[in-house]
Participant: 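Quick one: the structure is below, and I'll ask about it shortly.
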There are 2 protein chains.
Amino acid sequence: MLKEERQHAILNEVELHNRVLLTDLAEKLDVSIDTVRRDVKELDAEDMLVKVHGGAVSLGFANYSPSRNNVYALDKKIAIGKKAMSLIRENSVVLIDGGTTCLELARLLPANLKLTCFTLSLPVAMELLTKPNIETIFIGGTLSRDSQIAMGSSAIHALSQIKVDYSFIGTGYVDAEFGLTEFDWDVVQTKKAVINASKKTVLLCISEKLNSQHRFKTCDLNVINTMVTELEPWDEKLEAFKNMNIQLL
Amino acid sequence: MLKEERQHAILNEVELHNRVLLTDLAEKLDVSIDTVRRDVKELDAEDMLVKVHGGAVSLGFANYSPSRNNVYALDKKIAIGKKAMSLIRENSVVLIDGGTTCLELARLLPANLKLTCFTLSLPVAMELLTKPNIETIFIGGTLSRDSQIAMGSSAIHALSQIKVDYSFIGTGYVDAEFGLTEFDWDVVQTKKAVINASKKTVLLCISEKLNSQHRFKTCDLNVINTMVTELEPWDEKLEAFKNMNIQLL
DNA sequence: AAATATATTGCAAAATACTGCAAAAATGAA
DNA sequence: TTCATTTTTGCAGTATTTTGCAATATATTT
């Protein structure tokens, strides 16, 4: 088989599936993984696809995936995502909310993890679609322009039909006493529906949001099962949350 | 055998198969491999084919590029989008399907147009969110990695709950006799649901797809109200579609 | 921190390409 | 036709490219 031929086959696979694993390509094309890796490297240099760890994604996809250039406190959010990852078991069913912290969690999901994943967020959905082993189900609804999240009655109704093992949610504000609060009423309604749709709810939250509040209340802290922050467990900022029935990560 | 004759044979092979191995050519033409190599080298210098390590590929094969591919039919699709735009009235409720042609329509929607817009397609949804006066509602469901579209029973159920003024759909293949067909069964099911959810259905279709067909049938042409192509109304390719009850744009 | 998966690097074997050369074939003028 | 000239062809030796493997480094996952 000609090298050019093989590279065409790779491009076709990538265009068709948007993301492919090098191991799959090697098997399908019946060459060593080194050869596929070299091919993908060349094609990447020619801007025919984008090489990623373990595989390749199509240009179209790489362009849709939102940039995280100006994400506030990115490293903290990555740290939170990594901690939250430890809760996810293979073949479980989870829901990932919108927001940049939840998006980081979606990014961190390994390509080989088998998972069923619900989401309300367009960017999260885009990210999940790059993972070959994740079945992604989008909860439809009216899309909010600024948060790029499905909301409204149809989203709430769709959520009422499911029960996931874990949901990972963000919040605008959190306070040990007042619980989770938001700026936006519709967001509150949707988050309530998310919490109802999950056996366990995990709150992802950077430390800046601790002990802050706003007008509309999503829920009390005791309905949250786990709170994940980037802080070490003994950090004093977490003091107020310690003698509540919440697992702190 | 004359050299010229042999080179013609080589070109034929290359045109026919897009790729040839020098070893195969040498055997088939019953000359040494050095001779075919020299022939291929000459043909390459004359830009009749592209010589590669171990063989040769046709010009089309060598120039293939997914990104360039996308801009290829872009003008046609933009033309179609503009024509389709003329059907959309302010404050109406429309549904825009997935596919690159429908995405062009979404791109062309003016920023000041007030509209309620349903869609199943992630890229279309992203695009619609950039338009300040369009209310976008995403039809949820299991997302297909390939087409980035919501499909499956939940999408179909959600579609059963709505009735839009116009739906704009694409198709894999269309034939005057066989109607609309697709490669993928799930896509067919979803498109059927889309058609049922709309008062009027508009098919957006570049001329390359006319008179082609595949395994699974979406619907007959008579359930389509309007077909939009980039062709002029009097184009002969449209002849077969003219005495059906379809508005041609 | 350990274990696993993926990447990179250098290397050697195999396949392919290039060079120069001589024999064979074709060409063309006497 | 004949013979010199040119072109074409195949061969042998040498370079280059491609490929898979192993060792090492890096990244990722547990």
Side-chain angles (χ1 to χ4, degrees), chain A residues 1-10 14 19-46 49-57 74-75 77-92 94 104-115 117 127 130-134 166 168 228 232 249, chain B residues 1-10 14 19-46 49-57 62:
Chain A
M1 185 186 236
L2 249 39
K3 186 173 92 169
E4 281 67 20
E5 208 178 338
R6 208 179 45 229
Q7 297 193 349
H8 256 250
I10 292 174
V14 170
R19 166 150 194 180
V20 289
L21 299 177
L22 295 187
T23 50
D24 290 350
L25 285 175
E27 193 182 347
K28 186 165 286 188
L29 301 172
D30 198 32
V31 289
S32 80
I33 198 162
D34 300 71
T35 303
V36 196
R37 183 172 287 121
R38 270 186 279 240
D39 283 338
V40 166
K41 204 172 181 180
E42 280 182 33
L43 291 169
D44 176 272
E46 292 166 25
L49 48 70
V50 177
K51 184 176 171 352
V52 297
H53 194 90
V57 297
L74 184 62
D75 32 354
K77 288 170 180 176
I78 290 175
I80 292 172
K82 282 181 180 168
K83 288 187 191 176
M85 273 285 302
S86 66
L87 296 168
I88 299 179
R89 288 196 323 273
E90 184 115 12
N91 292 315
S92 60
V94 307
E104 278 316 313
L105 171 60
R107 282 209 160 95
L108 288 166
L109 292 173
N112 58 357
L113 177 67
K114 286 205 174 75
L115 207 60
C117 223
E127 188 58 40
T130 69
K131 319 279 177 175
N133 290 301
I134 293 183
Y166 275 101
F168 297 87
V228 186
E232 302 293 343
L249 276 186
Chain B
M1 182 183 249
L2 258 53
K3 185 172 105 173
E4 199 175 288
E5 199 180 337
R6 206 177 46 229
Q7 297 195 351
H8 265 122
I10 293 174
V14 171
R19 50 171 197 91
V20 282
L21 301 175
L22 293 189
T23 50
D24 289 352
L25 284 176
E27 193 184 346
K28 188 166 288 186
L29 303 172
D30 198 32
V31 288
S32 81
I33 197 160
D34 300 75
T35 303
V36 279
R37 182 172 288 122
R38 270 186 279 244
D39 284 339
V40 165
K41 202 172 181 180
E42 282 180 31
L43 292 169
D44 176 271
E46 293 166 28
L49 47 70
V50 177
K51 182 179 174 349
V52 299
H53 194 91
V57 297

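Order of the sequence lines fixes the chain letters, A, B, ..., with proteins taken first and strands second; residue numbering starts at 1 for each chain.
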Participant: Using whole Å, what does the distance between atom P of nucleotide D/dT19 and atom NZ of A/Lys3 come to?
Facilitator: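 In whole Å, D/dT19 P and A/Lys3 NZ are 7 Å from each other.
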
Participant: Send over the distance from B/Glu27 CD to C/dT16 P, rounded to a whole Å.
Facilitator: 13 Å

Participant: Within the structure shown, what part of the strands sits under 4.0 Å from B/Val36 by heavy-atom distance: base, sugar-phosphate, or nothing?
Facilitator: nothing

Participant: Whole Å only: how far is the CD atom of B/Glu42 from the P atom of D/dT7?
Facilitator: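 That distance rounds to 12 Å.
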
Participant: Please give, in whole Å, the distance from D/dT29 P to A/Leu113 CG?
Facilitator: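 Atom-to-atom, A/Leu113 to D/dT29, this comes out as 9 Å.
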
Participant: Could you work out which one of D/dT19, C/dC18, D/dG10 sits closest to the side chain of B/Thr35?
Facilitator: D/dG10

Participant: In whole Å, I'd like the distance from the CD1 atom of A/Ile78 to the P atom of D/dT29.
Facilitator: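 Spelled out: CD1 on A/Ile78 to P on D/dT29 is 13 Å.
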
Participant: Which nucleotide in the list D/dT29, C/dT19, D/dA22 gets nearest to the side chain of A/Asp34?
Facilitator: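 Nearest listed nucleotide: D/dA22.
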
Participant: Compare the minimum distances between each of C/dT16, D/dC21, C/dT19 and the side chain of B/Arg37, then state the nucleotide with the smallest one.
Facilitator: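 Given the options C/dT16, D/dC21, C/dT19, the side chain of B/Arg37 is closest to C/dT16.
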
Participant: Checking all strands, does A/Leu22 fall into the base, sugar-phosphate, or nothing category for heavy-atom contacts under 4.0 angstrom?
Facilitator: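 Counting heavy atoms under 4.0 Å across all strands, the contact made by A/Leu22 is with sugar-phosphate only.
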
Participant: Look only at the side chain of A/Asn133 and the backbone of A/Leu115, and say whether a donor-acceptor pair between them is shorter than 3.5 Å.
Facilitator: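 No: the side chain of A/Asn133 does not pair with the backbone of A/Leu115.
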
Participant: Please compare A/Asn112 and A/Met1 by the position of their nearest nucleotide in DNA chain D and report the one closer to 5'.
Facilitator: A/Met1

Participant: Verify, without hydrogens or angle tests, whether A/Lys131 (side chain) and A/Leu109 (backbone) share a donor-acceptor contact under 3.5 angstrom.
Facilitator: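 Between the backbone of A/Leu109 and the side chain of A/Lys131 there is a qualifying donor-acceptor contact (under 3.5 Å).
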
Participant: What integer distance in Å separates B/Gln7:CD from D/dT8:C1'?
Facilitator: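 Nearest whole value for this atom pair: 12 Å.
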
Participant: Any side-chain N or O of B/Arg38 under 4.0 Å from OP1/OP2 of D/dT7?
Facilitator: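 Result: no.
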
Participant: Whole-Å distance between C/dC18 C1' and B/Lys41 NZ?
Facilitator: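 Value for this atom pair: 7 Å.
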
Participant: Nearest 0.5 Å, please: how far is SG in A/Cys117 from CG in A/Leu105?
Facilitator: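 So the CG of A/Leu105 and the SG of A/Cys117 are separated by 8.0 Å.
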
Participant: Go through D/dG20, D/dT17, C/dT8 for me and flag the one nearest to the B/His53 side chain.
Facilitator: D/dT17

Participant: May I ask you to check whether over 12 heavy atoms, not counting those of B/Glu42, lie within 6.0 Å of atom CD?
Facilitator: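 More than 12 within 6.0 Å, yes.
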
Participant: So which nucleotide from C/dA7, D/dG10, D/dG20 ends up closest to the side chain of B/Val31?
Facilitator: D/dG10

Participant: Select base, sugar-phosphate, or nothing to describe what A/Val40 touches, counting heavy atoms under 4.0 Å on all strands.
Facilitator: nothing

Participant: Under the side chain to side chain contact (heavy atoms under 4.5 Å, CB included) rule, what do B/His8 and B/Glu5 come out as? Steps first, then yes or no, please.
Facilitator: CA-CA 5 Å; B/His8 265 122; B/Glu5 199 180 337; 5.8 Å; no

Participant: Quick check on C/dA7: is either OP1 or OP2 less than 4.0 Å from any side-chain nitrogen or oxygen of A/Lys51?
Facilitator: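 Result: yes.
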
Participant: Rounded to the nearest angstrom, tell me the gap between atom CZ in B/Arg6 and atom P in C/dA26.
Facilitator: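 The distance from CZ of B/Arg6 to P of C/dA26 comes to 12 Å, rounded to the nearest Å.
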
Participant: What is the nucleic acid contact for A/Arg89, judged by heavy atoms within less than 4.0 Å: base, sugar-phosphate only, or nothing?
Facilitator: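 The residue A/Arg89 makes no contact with any strand.
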
Participant: Checking A/Leu29 against A/Ile10 for the side chain to side chain contact (heavy atoms under 4.5 Å, CB included) test, could you report, in this order, the C-alpha distance in whole Å, the side-chain angles of both residues, the deciding distance, and whether it holds?
Facilitator: CA-CA 9 Å; A/Leu29 301 172; A/Ile10 292 174; 3.6 Å; yes

Participant: Does A/Met85 or A/Asp39 map to a spot on DNA chain D nearer the 5' end, using the closest nucleotide for each?
Facilitator: A/Asp39

